Amino acid sequence: MFETLLLNFLFMLFPVVLFLIFFENRSYSFNKKLLVALSAVALVLCIANPIILDNGFIFDLRYVPFIIVALFGGYKGAFPLYIVLNVYRFYVNGEGTLPSFLFSTSVLLLVPLCSSYFKKQSSKSRVITATTIAFATMAWYLLTLSFMIKSLNREFWILAANALSTHVIVTSVIMILLEKIIQNIKNRERLIQSERLSVVSELAASVSHEIKNPITVTSGFLQLLYKSPTISQEERRFVDLSLQELQRAEKIVSDFLSFAKPQRDNLIYSNMSEELDYTRNVIMPYASVHGVEVRYKFQNSLKCSYDRNQIQQCFINLFKNAVEAMKELGGGILTIEAFEDRSTIMIRIRDTGIGMSKEELSRLGKPYYSTKAEGTGLGMSMVYSTIQELGGTVEVHSEKGEGTTVLLFIPTKQ
Ligand code: ADP
Ligand code: MG
């Protein structure tokens, strides 16, 4: 019996390992489909090799992949598994096909309901939630079974205890492995991101200053030329265009400059209220031109030390992105909230704009990634680098067509 159990456990591990070794770096949507397919294979293998207890009872772990996929992937992920499970079950046939069909239907209907709640949880509570759900489904299964079986003897209860404990243990082990993998992927992404940023910020510091001066001087002279009474109308137009282009260059350089290390004399110790107030006022005219209503709520007494200019630049980048996401829709609501959670300052910037797909979301924050004609693709990189500098984290939730929420977590204690 122990050997079959191990074998079943191996089937569970099979999608996890195969995925880790070969496919981890593929695109998101490809991975999702692949994981569902691999889980389906594991599920079939489980049904084909059930665990036979000493007393002749049979059960298998098919619901472990089913539940985990249903939790991570919702109805979209669970439905193919449901089809595979039942087609194969009917093919195998034998006793208990109908109860199995009814039971898997109830799992299909109920478990994915928890999916969106589940995905919002922290790593640890996801393991606990999945384990609890595995326990609940198995208990529900055994309960229905106990109604159907006429004579409830001691053997049934031994089977129940066995099935329940194996299910719970295997689910929690697999979930711990999965969460660890997710954690590792996230850590690696963060590392790559900060590597990229360090290159950008090094370049930024050295080049931007050098370029800023010539630009200032040139645009000064061009402005003088523009006012000269002797130049013709057409020449004036050329000068005007040159000035506009210079302005654009200046903007890119100043975006770059904000990557440079925080300056000691800019460091202040405060609760960000002044900075949020100031930047909110800066963005206000831009927002109202595009029909965006700004809502603001400040509830934070925690303080930390930061570079005032950088944090202001950071807020402006985020507000500007939010307004830009809403302007094509003719307006919307920008909500800016600051509050505290134990020793962490949380700032939430929410818009009702065009939102981003998963693919776009995964590229957000890479230097030069922009979908705008005028964009530099440096705004979000700067946000990430500034918040990381403060030891904090940035979380972005977005849904195409729904809007975007950016959450900044800034710790006040190391
Ligand atoms: P830029 O604004 O110059 O394009 P950013 O780094 O600020 O560069 O943003 C990169 C890209 O991320 C944008 O081009 C846009 O496609 C996307 N983006 C950023 N913020 C939002 C948002 N609030 N809503 C929708 N898309 C966004
Ligand atoms: Mg931007």
Side-chain angles (χ1 to χ4, degrees), residues 28 189-190 192-201 203-204 208 244-245 247-260 276 279-280 282-287 289-296 309-338 346-389 393-409:
Y28 185 87
E189 260 166 19
R190 202 170 299 152
I192 294 172
Q193 175 83 5
S194 66
E195 198 90 322
R196 267 193 216 116
L197 289 177
S198 78
V199 173
V200 174
S201 71
L203 270 179
S208 303
Q244 275 176 25
E245 285 305 297
Q247 230 168 33
R248 191 172 136 65
E250 201 166 13
K251 184 180 161 294
I252 294 173
V253 169
S254 68
D255 267 6
F256 246 136
L257 260 184
S258 48
F259 275 103
L276 276 171
T279 48
R280 184 172 60 104
V282 168
I283 203 76
M284 212 59 111
Y286 186 58
V289 162
H290 294 294
V292 173
E293 180 192 338
V294 181
R295 292 185 187 160
Y296 179 61
N309 289 343
Q310 276 195 345
I311 210 83
Q312 283 177 350
Q313 185 65 47
C314 189
F315 291 149
I316 287 179
N317 287 345
L318 289 171
F319 299 165
K320 221 169 132 261
N321 280 348
V323 174
E324 279 162 355
M326 291 185 277
K327 77 178 179 194
E328 283 162 43
L329 304 178
I333 298 164
L334 166 62
T335 318
I336 305 161
E337 289 164 302
M346 283 170 70
I347 293 169
R348 181 160 58 201
I349 295 145
R350 189 165 39 185
D351 67 61
T352 54
I354 50 174
M356 284 172 274
S357 64
K358 289 256 162 59
E359 222 73 65
E360 291 172 319
L361 204 55
S362 70
R363 296 176 64 184
L364 189 68
K366 289 180 186 169
Y368 312 116
Y369 166 67
S370 175
T371 55
K372 298 166 195 163
E374 301 270 287
T376 56
L378 289 173
M380 284 308 290
S381 299
M382 194 258 155
V383 171
Y384 278 101
S385 85
T386 306
I387 300 301
Q388 260 169 29
E389 199 96 47
T393 49
V394 182
E395 247 181 43
V396 185
H397 303 279
S398 189
E399 196 116 0
K400 199 90 196 159
E402 296 277 311
T404 307
T405 305
V406 181
L407 270 165
L408 311 179
F409 299 89

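This is a predicted model, so every value here is computed, not measured. Whatever order the structure lists ligands and atoms in, that order sets their numbers, starting from 1.
With ligand atoms numbered from 1 in the order given, ligand 1 contributes 5 (P), 6 (O), 7 (O) to contacts under 4.0 Å with heavy atoms of G379. If you number the atoms of ligand 1 from 1 as listed, the ones under 4.0 Å from a heavy atom of T376 come out as 3 (O). Annotation for ligand 1: atoms under 4.0 Å from non-hydrogen atoms of S370 are 1 (P), 4 (O), 14 (O).
The residue from T376, L318, N317 that alone fulfils the side chain to side chain contact (heavy atoms under 4.5 Å, CB included) condition with M382 is N317.
Counting heavy atoms from C-beta outward, L334 and R295 have side chains that stay 4.5 Å or more apart. The side-chain heavy atoms of V282 and M284, taken from C-beta on, include no pair separated by under 4.5 Å. In this structure, T335 and I349 have side chains that are not in contact, with every pair of non-hydrogen atoms separated by 4.5 Å or more. Between V292 and I333, every side-chain heavy-atom pair lies at or beyond the 4.5 Å cut-off. Two residues are said to be in side-chain contact when any heavy atoms from C-beta on lie closer than 4.5 Å; V396 and L361 meet this criterion.
With a 4.0 Å cut-off on non-hydrogen atoms, L364 touches ligand 1 through its side chain and not its backbone. Heavy atoms of A325 found under 4.0 angstrom from ligand 1 belong exclusively to the side chain. Counting heavy atoms under 4.0 Å from ligand 1, residue D351 touches it through the side chain alone. Of all the heavy atoms of T371, the ones lying under 4.0 Å from any atom of ligand 1 are found in both the backbone and the side chain.
Look at G377 and you'll find a heavy atom under 4.0 Å from some atom of ligand 1.
In terms of polar-atom proximity, defined here as any N/O pair under 3.5 Å, G375 makes no such contact with ligand 1. Checked against a 3.5 angstrom limit, the closest N/O atoms of N321 and ligand 1 fall inside it. Taking only nitrogen or oxygen atoms, main chain and side chain alike, M380 reaches within less than 3.5 Å of ligand 1.
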Set out, in order, the CA-CA distance, both residues' side-chain angles and the distance that settles side-chain contact (heavy atoms from CB on, under 4.5 Å) for H290 and E324, then state yes or no.
CA-CA 9 Å; H290 294 294; E324 279 162 355; over 6 Å; no
Test salt bridge (Lys or Arg N to Asp or Glu O under 4.0 Å) applied to R363 and E359, step by step
CA-CA 7 Å; R363 296 176 64 184; E359 222 73 65; over 6 Å; no
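Atom CD of E360 is surrounded by more than 12 heavy atoms from other residues, nucleotides or ligands within 6.0 Å.
Residue N321 counts as close to the Mg ion (ligand 2), with an N, O or S atom under 2.8 Å.
Considering K366, M326, M356 only, the shortest heavy-atom separation from atom 27 (C) of ligand 1 involves M356.
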